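Note sheet for the following structure.
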2 protein chains.
Amino acid sequence: MVLHARGVAVDAQTAETRVLAAAYELFYERGVQAVGMDEIRATSGVSLKRLYKLFPAKERLVESYLRQRDERLRESMTRYVEAHESPERRLLAVFDWLHEWFSEPDFRGCAFINMFGELGSTSPVVIDATRAHKEAVRQYLTELVAAADQPAWLTDQLALLVEGAITTAAIFGTAEPARQARAAAARLLTTTRND
Amino acid sequence: MVLHARGVAVDAQTAETRVLAAAYELFYERGVQAVGMDEIRATSGVSLKRLYKLFPAKERLVESYLRQRDERLRESMTRYVEAHESPERRLLAVFDWLHEWFSEPDFRGCAFINMFGELGSTSPVVIDATRAHKEAVRQYLTELVAAADQPAWLTDQLALLVEGAITTAAIFGTAEPARQARAAAARLLTTTRND
DNA sequence: CCGAGCGGAGAACGAACGTTCTCCAACGCG
DNA sequence: CGCGTTGGAGAACGTTCGTTCTCCGCTCGG
């Protein structure tokens, strides 16, 4: 019985992993409404029954999808940024990281912004997740700005550059906005002393 | 007969106006997929038959909706900006205009970005309209930057600030990003001479 | 007054989709 | 070996929605 239960548990874990992997790609690539649960089933290889046992409704799956996006994105960013030592260099590294992200072949913008446009008006879950994600990124920027001995309001301006670069890169399908945002950030940094 | 035909034509024009007015509000407020043709009919008061004679498919209506958004937005912006005389003041006025826009009670971000997130992956019409719109705005910024004797690359940076401000304001439901973007733009402007 | 055609109200149709249900095979336990 | 539970395949159900069709009243020329 216990052995049996454990066997089920392990399967459930790998099943959940596969479902989330499918959602991670499909939802990002085509949006939530354009991907049916049946396609999640087909891609993950997890039967509908199991799928609904793991995620009793599509919205639950969307929640987990967004949580995973948030985690992976921020982990990737911090890992990249913290490979640099100098605080100023770290601030600029954020934009280098953006350039790498934008250059990925399947880059399609920020999953949160996309979903906000798709469901933001009707789904509190999406609104909250989006705000939490942006807030978390901004919080990290705040720390970097403080570490670089820059005024706190620089955070706001850098956040706008990051946001604008992501959106512009998505729309035009080019990584250039990362470079432009980095240049703008560098100017804002080097001229801070004037105040 | 001719009188009758003209009567129909006039009705068709006002019907089209009413349909577009309904689409203008409903699509912006809730997205395209969340608004059915029947709701367009109910709000506009135009019967389904007429509606489909004017716009043979929903996608045609979406096209016209986006065209109207583009026209009104740019007209509103240029009207506001050109109330100022000095070239530098005009550049900053773009961000004041943003602040007014963000403060409208039903502001919900950029209609193009929202629809890009919703349908961008599957609808070339939306992709093209979005790029054309952003390109047109950028073109206008280019003119303002040139008139202010600023280097051409400043356009890229200002465009990112505009884009980031719109998105951030939509997500957090505040007009503050316009102020922050304006401050950043002012810094980028006043330090241009250093190069 | 009459017939023809336009237009409106809303039913109808077909597809897509979220969710549930049915049927059946496999498997561990007595 | 039966038995009860688990899980898979996929049919089924109910709803939504884009689009079309049906029916009916109105208007307008004769």
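Letters go in sequence order (proteins before strands), and every chain restarts at 1. Everything quoted here is computed from the prediction, not taken from an experiment.
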- So which of residues 55-67 of chain A are in contact with DNA chain C, with a heavy-atom cut-off of under 4.0 Å? A:Ala57, A:Lys58
- Message: Using a strict heavy-atom distance below 4.0 Å, which residues from residues 21-32 of chain A are in contact with DNA chain C?
- Response: none
- Aromatic ring pairing A:His84/A:Tyr80, orientation class (parallel under 30°, perpendicular over 60°, tilted between): tilted
- Hey, what bend do you get for the helix from C:dC1-D:dG30 to C:dG30-D:dC1 if you fit axes on five pairs at each end, rounded to 10°? 30°
- Message: Rounding to an integer number of Å, can you tell me how far A:Leu51 CG sits from C:dT19 P?
- Response: 10 Å
- Message: Heavy atoms only, 4.0 Å cut-off, all strands: where does B:Val46 land among base, sugar-phosphate and nothing?
- Response: nothing
- Message: Parallel, tilted or perpendicular, judged at 30° and 60°: which one describes the rings of A:Phe107 and A:Phe102?
- Response: tilted
- Item | salt bridge (charged side-chain N to carboxylate O under 4.0 Å, His left out) contacts touching residues 112-133 of chain A (sequence neighbours left out) | none
- Message: Counting only side-chain heavy atoms from C-beta out, which of D:dT19, C:dT20, D:dA9 sits nearest to B:Met37?
- Response: D:dT19
- Task: Mind jotting down which residue pairs meet the side chain to side chain donor-acceptor pair (under 3.5 Å) criterion with at least one end in residues 15-32 of chain A? Sequence neighbours excluded, please.
- Result: A:Arg30-A:Glu39
- Note on the structure: From NZ of B:Lys53 across to C1' of C:dG5 the rounded distance in Å is 11 Å
- Please report, rounded to the nearest Å, how far the P atom of D:dG10 is from the CZ atom of A:Arg50. 17 Å
- Query: Which whole-number value in Å describes the distance from B:Leu54 CG to D:dT19 P?
  - Reply: 14 Å
- Report the nucleotide, chosen from C:dA9, D:dG18, C:dT22, that has the shortest atom-to-atom distance to any side-chain atom of B:Tyr52. D:dG18
- Selected nucleotide, minimal atom distance to B:Leu48 side chain, candidates C:dG7, D:dT20, C:dT19: D:dT20
- Message: On DNA chain C, compare the nucleotides closest to A:Lys49 and A:Asp38; which residue's is nearer the 5' end?
- Response: A:Asp38
- Pairs satisfying side chain to side chain donor-acceptor pair (under 3.5 Å), at least one member in residues 161-186 of chain B, at least two apart: A:Asp156-B:Gln180, B:Asp96-B:Arg182, B:His99-B:Arg179, B:Lys134-B:Glu163
